[in-house]
Amino acid sequence: MNALARLRPTRLTSTGIVYLVLVLVLVLGAIITAAAGRNFFSAGNISAILTGTSILGFIAIGQTLVILAGSLDLSVPYVASLASLLGGVTMAGQTGNIPLAVVTALGVAALIGLVNGLVVAYLHVHGFIATLGMGLILAGYLGTNYKGSAGSAPRDFRLIGALNIGPVPLSTIIMLGCAVLVILLLRRTRIGHHLYAVGGSKDVARLSGVRTQPPVVLAHVLCSVLAGMAGLLLLARLSVGSPTIGTQGGYDLMSIAAVVLGGTVLAGGKGNILGTLGGVAIFAVMDNVMGVMQLNAFLQDVVRGLVIVVAVAVYARRNADLRPARFERSRAARHTSAPTTAGGAA
Amino acid sequence: MSTAEATTTRGATLPMSEGGTAGQIGRALRTPGGAVFVLVAVLLVCVIAANPNFGEPGSLIRFIGRTAPIAIAAMGQYFVIVSGEFDLSMGSVVTMQVVLAGNFIGQDESRVLPVMVLMVVLGTLVGVVNGLATTLLKVPSFIVTLGTMLALSGLVLYLTGGAATGNPIDSFRQIGRGGIEGVPVLEVIPYPAIILLVLAVAAVWLMRRPFGRTLVAVGDNPQAVHLSGSATWWLKTRAFILSSLAATVAGIILVGYAGVHPSVGQGYEFTAITAVVVGGVVLGGGRGWVLSAAAGAFALELLFTLLNFVGVASTWRDTVQGVIIIVAVAIGARAWQGGRRRRSAEPTTPGAEQRHTESATTTPPDPGTT
């Protein structure tokens, strides 16, 4: 793979690099864990890593859609908290209330996403501000109405968080199912193609006869619904709804980091769900290894911060090289810099 | 609308500068960057109506002193935003500086100066790292500063164990807390207010220099600035340095107010960005005034003061802030877009241009029509 990359830099897509990095992280993780006298590939540890991917995975899939459409969503942690609370309070420990609770939580999440999308698409508010504002609105609501955790999940619902099929947790399977649906949406439907077009260049998309608003609104709605599902999953794990669970996880910025780590361009229009899943997995493996090594929780943040910047720097250099050369000078620069960056990427 | 461009980037040669100073000011107030001053005035009247004591000169100047750190942070953030980038690391820089001051100065008077130099050096260093990673490594600034935010706050929390540590000597805390006593009408002029004034003048001066004008141009069209021979990497790096230094100054002032705790700077970056955006500066760069960013901070603080006086529960503060920034930006987007659309569709004949200008100054064209 490395030799191939050296010879033909254009063959290796950014998703390819993401998975190369993932393999590298896995190997490093296995070595470090083995040095600490533990087995990295034990069923329990693999299950723990996969569990770690599921919550951030839900949110990052939604975030990918929004970023592809050229927007951002900073309100996801609050949506997740709200969904966990609404779900928990509606269930109130009764198995019969589960369908109603799920519909309520996801419905409210969809509504929030709809408002986000309409504000971004029709009022021309930057996604950063629209969703930062929505996040603040929800934070005020949560802070005023819920002083602490509330509601309770019945045993049947808690099983979603606890059940394993082989070493694979049920929550991860649901997350992967959502990922497949979203991939089909992006690759097979018209609105999926329009999403890429609008994210790449809104003006060009509009001039080509694409209605630019529906894809943006759809992306925001789906992102909020997926954040709501993450909230329900958190409810299933903790068995109570909590007003701070989303913000504690820092899901807004971490999901954006995972998406960018997965090779999606922050400005929109370029990237895919597979890359995002790879990015989420890199985070999960890193967290697992740092947890096994019992690294100080605050130092874990330092490592995360450094890894994010370094990893994205590696992709960014590659993307810059892969751009078509328009001028003599940049073509020369590409020829001289290609071998070194290919070496750096691998 | 385009008056902002006329005064900040173009010089007074466009038809918009007709009508004398009064006409210019009138038009300027209709831009999002000018409207924030009207907003501040309206909010001030409302606050004084709710609590007449607030209108006394002494309490007004104390309010300015209290708002100074966030206004300074907003001006720093402005430099980065107007050049088309983000700085999310600001809050962590504030935290870092506060903890540094607490632990390194202690009760030793002679250490005040060396530690302040160290703080400035470290602040500059963070800015340089942010700037170089953004411009030379081509990592989006959102990700770079997110990384430095995580790394810095993690480091500070690790070193302090997440608890309040250290207590700098009172003479250092006076920078944030004290002021010139015995002034006739005002009773006292807080040092933060003076620092704010000096920095505001410096910022305005900087934005009128070639550096400032090129910085706005970089935010508007980086390609054009690059092709015209400016070193965009150095421009943007300087913007990041200014932002980190502003966070440093905010941190020094905050030590006096809040004391030393790792949570002091938390959320400062989003508050600063909110203030900048309420001040009508466009995210993505290229549009807006530096003083509007500071005014945006005052608008936010006045709003919170008003809510406080009216008796709204403090937990609703976030909600109101959220609604305000969405509404402010929605209005701003319409107005700036009117300006942008008109410029891009600028007709060739002078008569038509004149007509366009007139129609734009009376009713901004609907951005959704084309």
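Each chain gets a letter, A, B and so on, in the order the sequences are listed, and its residues count up from 1.
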Inter- and intrachain pairs under salt bridge (Lys or Arg N to Asp or Glu O under 4.0 Å), touching residues 82-99 of chain B, at least two apart: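 Listed once each, the pairs are B:Glu85-B:Lys236.
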Quick one: pull up [atom1] in [X] and [atom2] in [Y] and give me the separation to the nearest 0.5 Å.
X: B:Trp316; Y: A:Leu136; atom1: CH2; atom2: CG; value: 13.0 Å
X: A:Ile129; Y: B:Ile273; atom1: CD1; atom2: CD1; value: 7.0 Å
X: B:Thr319; Y: A:Met134; atom1: OG1; atom2: CE; value: 10.5 Å
X: A:Tyr146; Y: B:Thr315; atom1: OH; atom2: OG1; value: 13.5 Å
X: B:Leu150; Y: A:Gln300; atom1: CG; atom2: CD; value: 12.0 Å
X: A:Thr144; Y: B:Arg317; atom1: OG1; atom2: CZ; value: 12.5 Å

Indicate the atoms forming the closest heavy-atom contact of [X] with [Y], along with that distance.
X: B:Ile143; Y: A:Val309; answer: O-CG2, 4.1 Å
X: B:Leu146; Y: A:Ala257; answer: CD2-CB, 3.9 Å
X: A:Gly140; Y: B:Asp318; answer: N-CB, 3.8 Å
X: A:Ala313; Y: B:Leu137; answer: CB-CD1, 4.0 Å
X: A:Ala130; Y: B:Ile326; answer: O-CD1, 3.5 Å
X: B:Pro140; Y: A:Leu266; answer: CB-CD2, 3.7 Å

Is [X] close to chain B through its backbone or its side chain, or both, or neither, when contacts mean heavy atoms under 4.5 Å?
X: A:Leu261; answer: neither
X: A:Leu142; answer: neither
X: A:Val260; answer: side chain

Over 12 non-hydrogen atoms of neighbours within 6.0 angstrom of OH in B:Tyr158: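 Counting neighbours around OH of B:Tyr158, 12 or fewer heavy atoms of other residues, nucleotides or ligands fall under 6.0 Å, so no.
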Side-chain touch B:Thr274/A:Leu132, heavy atoms, less than 4.5 angstrom: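 Of all side-chain heavy-atom pairs linking A:Leu132 with B:Thr274, at least one is under 4.5 Å.
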Greatest number of heavy atom pairs closer than 4.5 Å to chain A - which of B:Ser153, B:Gly284, B:Gly154, B:Ala133: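 Looking at each of B:Ser153, B:Gly284, B:Gly154, B:Ala133 in turn, B:Gly154 comes out on top.
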Heavy-atom pair count under 4.5 Å with chain B, highest-scoring of A:Ile137, A:Asp301, A:Leu72: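 The residue among A:Ile137, A:Asp301, A:Leu72 with the greatest pair count is A:Ile137.
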For chain B, the option from A:Ile256, A:Leu299, A:Asn296 that forms the most heavy-atom pairs under 4.5 Å: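 Option with the top pair count is A:Leu299.
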Whether A:Phe128 and B:Phe142 hold their rings parallel, tilted or perpendicular, with breakpoints at 30° and 60°: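 Rings of A:Phe128 and B:Phe142: perpendicular, as their planes differ by over 60°.
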